[in-house]
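Worth knowing before you read on, the calculation uses all heavy atoms, side chains too, and leaves out hydrogens, waters and symmetry mates. In this chain, numbering begins with 1 at the start of the sequence shown.
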Amino acid sequence: QVQLVESGGGSVQAGGSLRLSCKVSQNPDSVNCMGWFRQVPGKEREGLAAIATGGGSTYYADSVEGRFTISHDNAKNTAYLQMDSLKTEDTAMYYCAVDFVPVQRCRGKQLAALGAWGQGTQVTVSS
């Protein structure tokens with residue numbers, strides 16, 4: 001069973017940066033799509049970014065395009081989300097998810113179907 005452990009969340013002032021990590025406890029050959037999401041209580045989960053680990057293609061939601069950067073390290077089987085220029089509205093619980101899917105599904109609303117999810121890490125941005 002795949003286990004994902006997120007880390008790197010915390011509290012930061014608006015305009016600051018955080019880097020989230022997602023360690024995946026599975027053979028990296030069994031994962032080809034890694035994504036980051038966030039959820040605020042009472043709202044739907046939002047897919048933020050994804051990376052196809054084979055070719056490196058990336059996807060970003062409009063809300064984070066230009067501010068967040070997704071990357072991965074195959075050797076460490078870890079995905080990262082670098083978050084810059086943070087805003088108070090970025091406050092949420094952040095989750096990572098992984099799966100092995102057709103590359104064209106490693107983006108957009110199809111990310112919600114990724115099979116393995118972490119427990120989340122809280123990000124709080126204050127003004």
Can you tell me how far [atom2] of [Y] sits from [atom1] of [X], rounded to the nearest 0.5 angstrom?
X	Y	atom1	atom2	answer
M83	T69	CE	OG1	11.0 Å
D73	T53	CG	OG1	11.5 Å
C33	R107	SG	CZ	10.0 Å
F100	C106	CZ	SG	11.0 Å
K23	S7	NZ	OG	11.0 Å
S126	L86	OG	CG	10.5 Å

Let me check something: do [X] and [Y] share a hydrophobic cluster, defined by ILVMFWY side-chain heavy atoms less than 4.5 Å apart, either directly or through other members?
X	Y	result
L111	M34	no
W117	M93	yes
Y80	L20	no
W36	Y59	no
Y95	V123	no

Over all heavy atoms of both residues, which pair between [X] and [Y] is shortest? Give the atoms and the distance, please.
X	Y	value
S127	A14	CA-CB, 4.4 Å
S63	R38	OG-NH2, 3.8 Å
E46	A61	OE2-CB, 4.5 Å
I70	Y60	N-OH, 2.8 Å
L114	A97	CD1-O, 3.7 Å
S21	T78	CB-CG2, 4.2 Å

Please say whether more than 12 non-hydrogen atoms of neighbouring residues, nucleotides or ligands are located less than 6.0 Å from [atom1] in [X].
X	atom1	value
Q119	CD	no
Q39	CD	yes
E89	CD	yes
E44	CD	no

*Check whether any side-chain heavy atom of T91 sits under 4.5 Å from a side-chain heavy atom of V40, and report yes or no.*
no
>> Taking V101's backbone N and O only, do any of them form a donor-acceptor pair with N32's side chain (distance below 3.5 Å, no angle check)?
In response: yes
(Q) Assess whether a salt bridge exists between R105 and D99, defined as any Lys/Arg side-chain N lying under 4.0 Å from an Asp/Glu carboxylate O. (A) no
* Asked: Can you list the steps and then say if Q82 with S17 is a side-chain contact (heavy atoms from CB on, under 4.5 Å)?
  -> CA-CA 7 Å; Q82 176 67 41; S17 299; 3.9 Å; yes
Which of D84, D90, D62 passes salt bridge (charged side-chain N to carboxylate O under 4.0 Å, His left out) with R67? It is D90
